[in-house]
There are 2 protein chains.
Amino acid sequence: MTVVNGNHCTIRTSCTDCPLHALEGFRPFTPDQLSFISHFKVGEFTANAGATILVEGAHSAHLFTVLEGWGFRHKVLDDGRRQILNYVLPGSLVGLQGSLLGEMQHSVEALTPMTLCVFERDRIDELFRNHPALAYDVTWIAAREERILDEHLLSIGRRSALERSAYLLAALAERSRVTGQSKTKNGDPVHLPITQVHVADTLGLSVVHTNKTLRKLADRNLIRWLDRGCEVRNVTTLAEVAGWELPEEFGRPFL
Amino acid sequence: MTVVNGNHCTIRTSCTDCPLHALEGFRPFTPDQLSFISHFKVGEFTANAGATILVEGAHSAHLFTVLEGWGFRHKVLDDGRRQILNYVLPGSLVGLQGSLLGEMQHSVEALTPMTLCVFERDRIDELFRNHPALAYDVTWIAAREERILDEHLLSIGRRSALERSAYLLAALAERSRVTGQSKTKNGDPVHLPITQVHVADTLGLSVVHTNKTLRKLADRNLIRWLDRGCEVRNVTTLAEVAGWELPEEFGRPFL
DNA sequence: CGGAGCATTGAGTTTCGTCAAGGGTTGTGG
DNA sequence: CCACAACCCTTGACGAAACTCAATGCTCCG
């Protein structure tokens with residue numbers, strides 16, 4: 001496995017009481033699916049914050065679902081310029097591109113300590129052959145990722161620095177709310193485990209300019225920047241600033 | 001069907017002699033798959049240049065594969081700012097997001113006269129249930145689209161205007177070469193049916209700045225701008241300017 | 001013949017990047 | 001326990017990149 005700074009463990013959490021099922025956002029499995037998934041899952045994997053989970057160019061034999069923690073997908077140019085493509089949260093499927101297309105063309109790094117379910121790439125055929133509903137779900141997940149990338153592309157291409165920042169933070173806060181602890185209520189502030197460097201590399205801006213832009217949002221009391229992370233205080237107004245409509249998601253599938 | 005300025009026709013081309021199979025880039029069907037696809041295809045659809053094929057917000061009952069012609073996917077902000085997300089060429093699957101996730105969140109417009117195969121969205125379940133290999137292909141196609149978006153995101157976020165333009169034109173020329181007429185050889189100039197407005201809206205630049213940037217590429221004799229389109233004269237050097245490695249694709253699936 | 005769309009160019013302005021410097025916190029090793 | 005390095009956030013000054021406004025010529029089409 002191409003992993004830096006992480007540990008490969010045996011299964012700790014049984015799929016039967018998968019913590020993701022406790023969350024509102026996700027749809028449940030049928031007994032049949034549950035039994036297949038339990039069998040499909042070959043292990044569990046934990047990574048420290050900062051660990052590289054998948055690296056560009058690798059031909060990984062594995063596919064992951066995030067159980068706990070945050071991470072991000074990114075690409076780098078030869079001279080070191082980095083672009084963060086998207087964030088991965090609990091429920092995200094990681095490494096699908098590598099599994100289907102052969103080679104990873106982006107890396108995945110942990111933002112916080114993470115726990116991931118490990119699936120074997122070779123058994124994907126089995127999934128498609130014997131569990132069409134799950135195969136459909138995989139495609140669904142891929143289509144959803146595509147939709148998020150579409151949104152992000154619109155943002156980077158056509159929104160101003162202020163709008164972009166507002167969009168990113170609103171979108172992440174919303175994703176966090178849905179996949180996060182259910183005790184977080186709609187109005188409560190959400191904590192995002194990212195630095196301003198991450199924001200800059202996500203939005204295609206310099207760190208300096210990002211800082212000045214975030215300050216404007218903080219001055220309006222929409223966010224507060226902490227130690228090593230961002231507290232989102234008003235998702236609704238952020239979405240308004242961005243000219244973005246909050247999506248409504250429910251019954252979302254995962255593996 | 002939510003279509004402007006197009007005609008819905010009965011089937012003209014039998015899947016048996018699908019023109020896409022004649023091209024190097026695509027993989028062939030098994031007889032079994034071929035018979036299913038022939039049955040899955042419910043019609044054929046032609047659109048004029050400039051026609052809107054799918055519109056943001058629509059719940060289309062259809063899914064398409066491009067048989068002939070070029071188009072593009074795009075989103076617009078309230079005030080009219082437009083972002084082109086990706087281009088669709090022969091072999092591209094159109095409308096998957098709408099079919100799986102419910103509602104289209106982007107529009108698709110024809111760039112040239114187009115011909116598309118029409119599939120019925122409701123029969124996708126059947127495809128997943130009875131043809132796992134085709135289901136796998138659909139997912140493969142979605143993962144490939146995701147990869148293209150990743151590249152594009154890197155480009156817009158972190159490449160300079162010159163690099164971006166070079167990347168876009170090289171990538172489109174390469175896609176055109178693979179899906180285009182097989183008589184086009186590797187060294188021959190490729191014609192892209194786009195205007196500078198399209199380039200600008202793809203790269204997140206203004207038309208004026210796009211024009212000045214393209215001029216620099218033209219001055220180096222890498223491209224030539226024509227009437228209503230771009231002639232790409234040197235894909236290799238363009239890719240070098242962009243710091244981009246030309247991908248090698250073969251045996252690509254499609255529906 | 002007039003209008004619409006496209007490419008082109010120049011001039012002035014805004015946005016954003018680079019450079020530079022300082023302060024705070026964390027973590028590590030002596 | 002302290003010194004030091006590494007990382008992160010912040011701010012100001014300056015320069016470069018990109019945008020807007022404006023005007024021109026061209027072709028195609030009704």
Close side-chain approach of B:Leu111 and B:His198, heavy atoms under 4.5 Å: yes

Distance test, side-chain N/O of A:Gln196 to OP1/OP2 of D:dT10, below 4.0 Å: yes

Could you write out each protein N or O paired with an N or O of nucleotides 23-28 of chain C at a distance under 3.5 Å?
none

Rounded to the nearest angstrom, tell me the gap between atom CZ in A:Arg158 and atom C1' in C:dT15. 15 Å

In the structure I gave you, are the side-chain heavy atoms of B:Leu168 and B:Arg159 within less than 4.5 Å of one another anywhere? no

Grab the CZ-C1' distance between A:Arg82 and C:dG17 for me, whole Å please. 18 Å

A:Thr179 side chain near A:Val66 side chain, heavy-atom distance below 4.5 Å: no

What's the CG-P distance between A:Asp201 and C:dG17, to the nearest Å? 11 Å

Give me the residues of residues 203-221 of chain A where at least one heavy atom lies under 4.0 Å from an atom of DNA chain D, by number, or none. A:Val208, A:Asn211, A:Lys212, A:Arg215

Could you go through the side chain to side chain contact (heavy atoms under 4.5 Å, CB included) check for A:Leu23 and A:Val178 one step at a time? CA-CA 8 Å; A:Leu23 303 173; A:Val178 176; over 6 Å; no

Below 4.5 Å, heavy atoms only, C-beta onward: do B:Val108 and B:Phe64 meet side chain to side chain? no

Correct closest heavy-atom pair for A:Ala170 and A:Ala239 would be CB-N, 4.1 Å

Distance, rounded to the nearest Å, where A:Arg164 contributes CZ and C:dT15 contributes P: 13 Å

Does A:Arg175 qualify as a cation-pi partner of A:Tyr87, given the criterion of NZ or CZ under 6.0 Å from the six-membered ring centre and within 45 degrees of its axis? no

Is there a side-chain contact between B:Thr213 and B:Leu203, using heavy atoms and a 4.5 Å cut-off? no

Would you indicate whether the side-chain heavy atoms of B:Leu192 and B:Trp70 approach each other to under 4.5 Å? yes

Interatomic distance where CZ belongs to A:Arg81 and C1' belongs to D:dA17 [whole Å]: 14 Å

As a check of understanding: the bend across the helix from C:dC1-D:dG30 to C:dG30-D:dC1, end axes from five pairs, rounded to 10 degrees, works out to 30°

Could you tell me which non-hydrogen atom of A:Ile156 sits nearest to which non-hydrogen atom of A:Thr202, and how far apart they are? CD1-O, 3.3 Å

Have A:Arg82 and A:His74 got a donor and an acceptor in their side chains that come within less than 3.5 Å? no

